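Worksheet: one structure, shown below.
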Amino acid sequence: MAKELTTREENYSQWYNDLVTKADLAENSAVRGCMVIKPHGYAIWEKMQAVLDKMFKDTGHVNAYFPLFIPKSFLSKEASHVEGFAKECAVVTHYRLKSDPNGKGVIVDPEAKLEEELIVRPTSETIIWSTYKNWIQSYRDLPLLINQWANVVRWEMRTRLFLRTAEFLWQEGHTAHASKEEAIVEAEKMIEVYATFAREYLAIPVIVGRKSESERFAGALDTYCIEAMMQDGKALQAGTSHFLGQNFAKAFDVKFATKEGNLDYVWATSWGVSTRLMGALIMAHSDDHGLVLPPKMAPIQVVIVPIYKNMADLEKIDNAAFEIKKKLEKRGISVKYDNRDTQKPGWKFAEYELKGVPVRLAMGMRDLEKNEVELARRDTLQKTQVSQENIEDYIENLLVEIQQNIYDKAFKFRAENTFKVDSYEEFKKQLDEKGGFYLAHWDGTAETEALIKEETKATIRVITDDENPEPGFCMVTGKPSKQRVVFARAY
RNA sequence: CGGGGUGUAGCGCAGUUGGUAGCGUGCUACGUUCGGGACGUAGAGGCCGUGUGUUCGAGUCACAUCACCCCGACCA
């Protein structure tokens, strides 16, 4: 075995790193903290983009693009926002290089200092709201529903491929509304879009809810989120949607004339998901053999591998394989027929397993004689002999089944690792032993939350909006609590 | 920013008391193979992170420096 993965049990985070690099998803680059997303990884990201983009359009949003650079002064206009991002901003101070007079290479030209420094966007609220000011005068200009696909930079001390990188790709929606209610509806609508996407496409069960005050986005009045559980029992925030109130409208003086003829500040939301979803997808489903992709997110859904001894055999298999490929493609299934003579079948099996192709179809002379193929599914690693008759029906159904099975498996895992606890001692003990999600009572104060984080490294991941909340008493202070909240250690 | 570690072939690593560089894998060619990462034979591939010093002689010793990785603090 040329490419051996560390097993999950041995070292979960090493397993993740191995998987990302060995499955050719991404690698570290010459720039510390920044990754190169390789074609296979990028193809998955493109599938995510395509689905999400359609979902945004279907909910009335349009795409636009705002600059990478933000004048420094913009960032300081909204106080809590600055506080949230100041520590991790890359700053452009000069606009020119020149040859080093003392030798080789180039140096920054000290003559070319910028009048006002530019910040590489950590997020675009400020540049966008400074622009919206010019676009919005009347209630007739509202709502403004805009999304942008972009890269952002947050200068992180410690980075991990996809999960936390200094530069990452994402989409950020920024909307403006005439009323508070409408903005809240928008923020809630978009978190539901993310939840649907996670469940139906990524096959990841997520919990929808809101963040506690201390976990909230800098500048938001309310942050909604979707939280997923990874296979090591840790939580991963997979998407956020913020109700920004009038904070940015006030900071950038964005007012509109209401129907009644008054002037009022507009109400805002912003929402985003990033290449972090790649990390979620990888960690939610994959196994010790490599990546496991839900069919809807797999760039290649079916790979066909010929097994042959000589070129005459290959020619016969080629004919049958291209026939099957055509039939599958007619159904909208993406198929790769790998008849490269430079790699052996066994090598190809291992390779596509590592890369997470959901269905492998192997065809040799034995199969050809019986008019059969061997199908192997990636999620269960099961192999079956299947007739070539109506193979497209069989595979079409199989892909649906695999998608469902992957979701069910993740759902079951989460259920088995979610615990109700009422005593803080039990919480601490079990968290260390098993990890997972803990439904516990909390008195609602930031102090208690901070104490729990300090002592256990667990945080409140999400506060759900339950129809029948179960009241109780805070596991730490014993004070009354309206409902249980979800605690976990997080990425 | 604190603590620890590592820099030697594309990748992963070994290199003893200081004596002129090796293994695995990958790569190239040819042959035999081909139903789970095949085998044989022959090859190519190195400023031993960088600099200064000690020495007849440095991958090896000393000092400095740079880079990267891991664990913390901070964060999506």
Side-chain angles (χ1 to χ4, degrees), chain A residues 1-6 11 13-14 17-18 21-22 24 27-34 83-89 122-123 152-170 172 194 211 214-218 220 223 225-228 234-242 270-280 289-290 305-314 317 339-355 360-370 372-376 381 383 385 453-454 457 459 461 490-491:
Chain A
M1 292 277 266
K3 289 185 176 177
E4 191 78 43
L5 287 179
T6 305
N11 184 340
S13 71
Q14 190 58 46
N17 291 338
D18 282 4
T21 52
K22 289 180 179 170
D24 273 338
E27 62 186 35
N28 281 308
S29 70
V31 184
R32 182 227 290 264
C34 294
E83 216 173 296
F85 291 106
K87 282 173 288 184
E88 47 190 24
C89 285
T123 177
V152 287
V153 169
R154 295 180 191 174
W155 212 263
E156 298 289 347
M157 290 315 245
R158 286 191 61 199
T159 59
R160 294 192 67 195
L161 293 170
F162 291 121
L163 296 174
R164 178 169 294 114
T165 47
E167 179 194 14
F168 57 91
L169 306 183
W170 77 347
E172 46 182 326
Y194 290 152
K211 286 294 188 189
S214 45
E215 296 278 327
R216 199 176 283 163
F217 173 73
T223 289
C225 65
I226 52 172
E227 289 285 327
K234 283 169 80 174
L236 187 135
Q237 177 177 303
T240 51
S241 176
H242 315 289
S270 69
W271 28 273
V273 294
S274 70
T275 36
R276 192 175 219 218
L277 285 178
M278 293 287 297
H289 299 269
V305 177
I307 295 153
Y308 57 95
K309 288 195 176 26
N310 53 58
M311 284 305 162
D313 286 356
L314 178 60
I317 297 166
N339 63 350
R340 285 178 299 171
D341 192 40
T342 50
Q343 312 293 354
K344 303 286 154 256
W347 189 95
K348 292 175 186 172
F349 289 0
E351 184 68 11
Y352 292 111
E353 216 159 82
L354 186 60
K355 292 194 170 174
R360 183 186 69 229
L361 192 159
M363 216 190 328
M365 292 310 285
R366 286 209 305 260
D367 304 301
L368 222 53
E369 279 156 24
K370 289 185 285 185
E372 287 183 345
V373 296
E374 182 197 82
L375 283 189
L381 298 168
K383 290 192 242 188
Q385 286 295 127
K453 185 178 180 183
E454 170 78 30
K457 285 174 191 151
T459 49
R461 298 319 304 159
Y491 277 96

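A note on names: the letters A, B, ... follow the listed sequences, proteins ahead of strands, and every chain is numbered from 1. The structure presented is a predicted model; accordingly, all values stated were derived computationally and were not measured.
The separation of B/U60 from B/G49, taken at their C1' atoms, amounts to 16 Å, rounded to a whole angstrom. Atom P of B/U65 sits at a distance of 22 Å from the matching atom of B/G59, rounded to the whole Å. Nucleotides B/A67 and B/C75 have their P atoms positioned 26 Å apart, rounded to a whole Å. Across B/U55 and B/A62, the matching P atoms stand 16 Å from one another, rounded to whole Å. Only the P atoms considered, B/G72 is 33 Å distant from B/U16, to the nearest whole Å.
Under the Watson-Crick or G-U wobble criterion, with both distances below 3.5 Å, B/A67 is paired with B/U6. The partner of B/C23 is B/G12, judged by Watson-Crick or G-U wobble contacts that both fall below 3.5 Å. Checking B/A38 for Watson-Crick or G-U wobble geometry (two distances, each under 3.5 Å) identifies B/U32 as its partner. With a cut-off of 3.5 Å on both pairing distances, the Watson-Crick or G-U wobble partner of B/C61 is B/G53. The partner of B/G72 is B/C1, by the rule that a Watson-Crick or G-U pair needs both atom distances under 3.5 Å.
What you find for A/Leu161 and A/Thr21 is that their closest heavy atoms are CD1-CG2, 4.0 Å.
Regarding A/Asn17, its CG atom lies at a distance of 17 Å from the P atom of B/C11, rounded to whole Å. In this structure, CG of A/Leu5 is placed 16 Å from P of B/G37, rounded to the nearest angstrom. Across the protein-nucleic acid pair, A/Glu172 atom CD and B/A76 atom P stand 15 Å apart, rounded to whole Å. The CD atom of A/Gln343 sits 10 Å away from the P atom of B/G26 (whole-angstrom rounding). Between the CD1 atom of A/Ile317 and the C1' atom of B/G35 there is a distance of 10 Å, given to the nearest Å. Between A/Asp24 atom CG and B/G37 atom P there is a gap of 20 Å when expressed in whole angstrom units. In this entry the distance linking CZ of A/Phe162 with P of B/C75 reads 24 Å, nearest Å. A/Glu215 places its CD atom 10 Å from the C1' atom of B/C75, with the value rounded to the nearest Å.
Side chains of A/Lys370 and A/Gln385: a donor-acceptor N/O pair is absent below 3.5 angstrom, by distance only.
In this model, a side-chain donor or acceptor of A/Lys383 finds a partner on the base of B/G36 within 3.5 Å. A donor-acceptor contact under 3.5 angstrom links the side-chain atoms of A/Glu353 to the base of B/G36.
At least one side-chain heavy atom of A/Ile307 sits less than 4.5 Å from a side-chain heavy atom of A/Phe349. You'll find the side chain of A/Gln343 stays beyond 4.5 Å of the side chain of A/Glu351, heavy atoms only. Residues A/Glu156 and A/Thr165 form no side-chain contact, since every pair of their non-hydrogen atoms from C-beta on lies 4.5 Å or further apart.
Taking only side-chain atoms of A/Lys344, from C-beta outward, the nucleotide of B/U33, B/G37, B/A76 with the closest atom is B/U33. Of the candidate nucleotides B/C75, B/C34, B/C1, B/C34 has the atom lying nearest to any side-chain atom of A/Lys309. Listed nucleotides: B/A76, B/C1, B/G35. Nearest to the side chain of A/Glu374: B/G35. Ranking B/A76, B/G37, B/C70 by closeness to the A/Trp347 side chain, first place goes to B/G37. Checked against B/G36, B/G35, B/C69, the side chain of A/Arg366 finds its nearest nucleotide in B/G35. Here B/A73 is the nucleotide among B/C75, B/A73, B/C34 with the atom lying nearest to any side-chain atom of A/Lys457. Side chain of A/Pro345, nearest nucleotide from B/U33, B/C74, B/G35: B/G35. Here B/G36 is the nucleotide among B/G36, B/C75, B/G35 with the atom lying nearest to any side-chain atom of A/Arg360. Which of B/G35, B/C75, B/A76 sits closest to the side chain of A/Lys453 comes down to B/C75.
OP1 and OP2 of B/C70 both lie 4.0 Å or more from every side-chain N or O belonging to A/Arg158. Between A/Arg32 and B/C68, a side-chain N or O to OP1/OP2 separation shorter than 4.0 Å is present.
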**Report entry** Test side-chain contact (heavy atoms from CB on, under 4.5 Å) applied to A/Asp367 and A/Glu369, step by step
**Finding:** CA-CA 5 Å; A/Asp367 304 301; A/Glu369 279 156 24; over 6 Å; no
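In the displayed structure, A/Glu83 atom CD is contacted under 6.0 Å by at most 12 heavy atoms of other residues, nucleotides or ligands.
Nearest-nucleotide assignment on RNA chain B puts the 5′-proximal partner with A/Asn310, out of A/Asn310 and A/Thr159. A residue-by-residue look at A/Gln14 and A/Arg154 shows that A/Gln14 has its nearest nucleotide of RNA chain B further toward the 5' end.
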